[in-house]
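Here is the naming used below: chain letters follow the sequence lines, and residue numbers restart at 1 for every chain.
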Amino acid sequence: MSAEEKKKALTVFKTDRHEDVAACCFAGLAVVIVLCYMAFFLPSVTIKAPVDGKLTEIKVKVGDTIAEGQPLYVYETKKKKFVQGQMQETSVSETFKSKTPGKVLSVKLAPGEAFKKGNGLLVVEHVKGTLP
Amino acid sequence: MEERGFLGKLAAIVPGLAMMVVTLYLLKQVVEPWLAGVAVFGQKGYITKSIGLNYVLMSILVGMAYRNLLFRGSIPGWAAEGFRTTRLFIKTGVIMLGSLYTIQSLAKVGGLAIALIVAFVFGTIFFVMWMGKKLGMDRSMVGVMGAACGVCGVSAAIATSPGVKAKPAEVALAIATILGFGIMSMFITPPIGRALGLSDYQFGAWVGTGILNSGQVLATCLSFNPAIAPGTAVAYGEIWNVVRVISIPFVVFFITLWYWRGEAQEEHMSLWGILKSKFPIFVLGFFGMTALSSFDMLGKEGSETLHMLRDWMAWIFGIGMVGLGAYIDFGEIKKAGGAPLKIGVAAGTLKLVLSLVIILLFIGKEASF
């Protein structure tokens, strides 16, 4: 197989340049779809846990209107840190702040309950045109 | 050969692409969660976490099995066009990875990445030239091997070949040798990284410097840590990878200049001409994404919008990984041999070991961003 044939066999496009442009368009399209869906079509936002942890305090209740940057809940999590080349795990308390304005529709966990990364903690009504 | 219209070409892609998507779906949504629940030595998640057999590694292995066992060495016509979208998915994923950074974070790590990559890329090329001379290899073969070992297996070897008048067989040999070495690195570096207790930052810097192919760098980083977020192996490895990919036109220029100087023939070459024709413009998309992320136009860090974007990225990469596995042909690797194999293995091993030593000595466990 010649070099050109080998290269051709790796792509459906005429040249690498065409493939690069197509990848830019494909990535742009994926971003536009995600942003449009999140900004205009998402009816409510489930705020998911960023890491594994334990809920220590919920700072909002159902029906509250929240602003961007407002603290929503406090949780305890394990943080890994390298100290003198050794990994050490320490328990830290973190506050999760809202990334978007909205109204709290439901609170799914109570203080003291443990959660896994990706578990839904709160459901918030989405304000159209914002990126939650 | 029959000419197909746009719709015909699109239809030809569907069967192979569907096979890659279904494979990824089963591995990511069914097999990996099942393996995570299996207890080995009384420990749940031993296979996925301690051994590191996650959906990324499984995608590559299944892709390899398709090519070498199911299809017996060559992807059949009905699936070939679909599998040829592999690099499109990998490049798209690389562009979207730009969203993991901000301009400030790139500026913090970028300087170190540039210094390491420039030193290793050109250091490897000089080593290949020296070893090629010692082994009495043809200069055109040395040129192609220098590009393949120094910067990026497939792209650089092909980009350099016309400039050094390389024969097609020489290019194919250089590619097979270097990809073979890359496959070995892809499977051995994650366990070495875990055994040495490397952090995500150190591991990303190591494989970004030592491994020679974009897809293989991504696959290795995701095997080490499948998370796609700032501060993970793939986020760090990709900075090194992008710097390496950007250096391709400069390497092509340098090697072509070396070849023609040695041949004592006059060649009118311009760096600008090579930059225009060889610059990998998809990296501009990567930087465009970083610019959007720097101005919070993709959602704030920790937002659901960014979570969704990263989920999409994981799927796009995953499809690319199945395809990457399916392009690993044991038959082609077996064909590589002789002096090119000696040079490829020596240069690849030296680069991988030296970069590990430098990272262990000079790079801290935690990055500055």
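Rounding to the nearest 0.5 Å gives a distance of 9.5 Å between CD of A:E19 and CD1 of B:I90. Atom CD1 in B:I95 sits 4.0 Å away from atom SG in A:C24 (nearest 0.5 Å).
Only the backbone of A:T46 has a heavy atom closer than 4.5 Å to any heavy atom of chain B. At a 4.5 Å heavy-atom cutoff, the contact between B:I13 and chain A is made by side-chain atoms alone. Only the side chain of A:I33 comes within contact range of chain B, judged by heavy atoms closer than 4.5 Å.
Using a 4.5 Å cut-off on side-chain heavy atoms (C-beta onward), A:L131 and B:S303 make no contact. Using a 4.5 Å cut-off on side-chain heavy atoms (C-beta onward), B:L88 and A:F13 make contact.
Considering A:D20, A:T11, A:V12 in turn, A:T11 is the only one that fulfils the side-chain contact (heavy atoms from CB on, under 4.5 Å) rule with B:R87.
No more than 12 heavy atoms of other residues, nucleotides or ligands shown are found within 6.0 angstrom of NZ on A:K116.
At distances below 3.5 Å, at least one donor-acceptor pair connects side-chain atoms of B:T305 with backbone N or O atoms of A:P132. Within the 3.5 Å criterion, the main-chain N or O of A:K48 finds a donor-acceptor partner in the side chain of B:E304.
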**OP:** Before giving the answer on side-chain contact (heavy atoms from CB on, under 4.5 Å), spell out for B:W312 and A:V31 the whole-Å C-alpha distance, their side-chain angles and the decisive distance to 0.1 Å.
**Re:** CA-CA 9 Å; B:W312 279 49; A:V31 169; over 6 Å; no
Subject >> CA sep, side-chain torsions, deciding dist, call: A:Y37, B:M308, side-chain contact (heavy atoms from CB on, under 4.5 Å) >> reply: CA-CA 10 Å; A:Y37 173 75; B:M308 185 184 249; 3.6 Å; yes
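When B:V283, B:L298, B:L284 are compared by the number of non-hydrogen pairs under 4.5 Å with chain A, B:L298 comes out ahead.
Listed by chain and residue number, nothing satisfies the side chain to side chain contact (heavy atoms under 4.5 Å, CB included) test with B:D311 (two or more places apart in sequence, or in another chain).
Residues from residues 288-297 of chain B that place a non-hydrogen atom less than 4.5 Å from a non-hydrogen atom of chain A comprise B:M289, B:M297, given in numerical order.
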